[in-house]
Amino acid sequence: MSTTLDALENVEPDDAFLRATELAEDTPAPSRAIIVLIGDHRYEAPGDNTHEMVAELLGEYGYHVDGVVRTKSKKSEIRKVIETGVVGGVDLVLTVGATGVGPRDKAPEATRAVIDKLVPGVSQAVRSSGQACGAVDACTSRGICGVSGSTVVVNLAPSRQAIRDGVATIAPLVDHLISELNSYTVQK
């Protein structure tokens, strides 16, 4: 039996198809992130699972983690990794570590060299929240937040408490920034 085009035009889609189509249209793709662990030796210790913890926390807030990169605390190397995330089109580059006042703490300087616009409210919120939860390294962090192209870059202090609190603090703020970046287009 052959079906004609006229016969197909009269066929109504079933409810399951319509629901699936609505869900597909209403469900935005998860935001993409990379995690950058900065430290000369810290994240190479056997049993260190910082990368898993950060990825799991970001996953709880709906982020898909494209990768975890470990880098030495050298400004040029940190900058290259951040630039790789930006060029790769991720929505968030989250750096962990190298935000203190020591001679090897270079994350804020490397980040500043890459970003187009500072977003100081996010880093202020991280420091304030860090103080409230007792994460001393979070509230004394020199970490910054900014936008490079359409990517948000955030520096967090390296303690487990600072990471947990920091991710919880930045998640809604970064979601808002990503939404703003995705809603505006350049007119020619």
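Just so we're clear, the structure is a prediction, and the values are computed from it rather than from any experiment. Residues take their numbers from the sequence shown, with the count starting at 1. All heavy atoms count here, side chains included; hydrogens, waters and symmetry mates do not.
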Enquirer: On a heavy-atom basis, which atom in P108 and which in A98 lie closest, and how many Å separate them?
Expert: CD-O, 3.4 Å
Enquirer: Do the side chains of I115 and I144 get nearer than 4.5 Å, heavy atoms only?
Expert: yes
Enquirer: Any side-chain to backbone donor/acceptor pair from N182 onto I178? Under 3.5 Å, distance only.
Expert: yes
Enquirer: Keeping to residues at least two apart or across chains, list the salt bridge (Lys or Arg N to Asp or Glu O under 4.0 Å) pairs with something in residues 96-110.
Expert: D40-R104, E109-R142
Enquirer: Could you state the interatomic distance from CG (L94) to CD1 (I170), rounded to the nearest 0.5 Å?
Expert: 5.0 Å
Enquirer: Sub-3.5 Å donor-acceptor pair from the side chain of S148 to the main-chain atoms of V114, do we have one?
Expert: yes
Enquirer: Do V147 and D116 have side-chain heavy atoms sitting under 4.5 Å apart?
Expert: no
Enquirer: Can you confirm whether V167 sits close enough to L156 that some side-chain heavy atom of one is under 4.5 Å from a side-chain heavy atom of the other?
Expert: yes
Enquirer: Drop me the distance from I35's CD1 to E52's CD, to the nearest 0.5 angstrom.
Expert: 10.5 Å
Enquirer: Quick one: CG on N155 to OG1 on T99, what's the gap to the nearest 0.5 Å?
Expert: 7.0 Å
Enquirer: Check whether any side-chain N or O of T140 sits under 3.5 Å from a backbone N or O of V136 as a donor-acceptor pair, and report yes or no.
Expert: yes
Enquirer: Give every donor-acceptor pair under 3.5 Å between a side-chain atom in residues 59-67 and any protein atom, sequence neighbours left out.
Expert:
unit_1	atom_1	unit_2	atom_2	d
Y63	OH	D175	OD1	2.8
H64	NE2	D66	OD1	3.4
D66	OD2	R32	NE	2.7
D66	OD2	R32	NH2	2.7

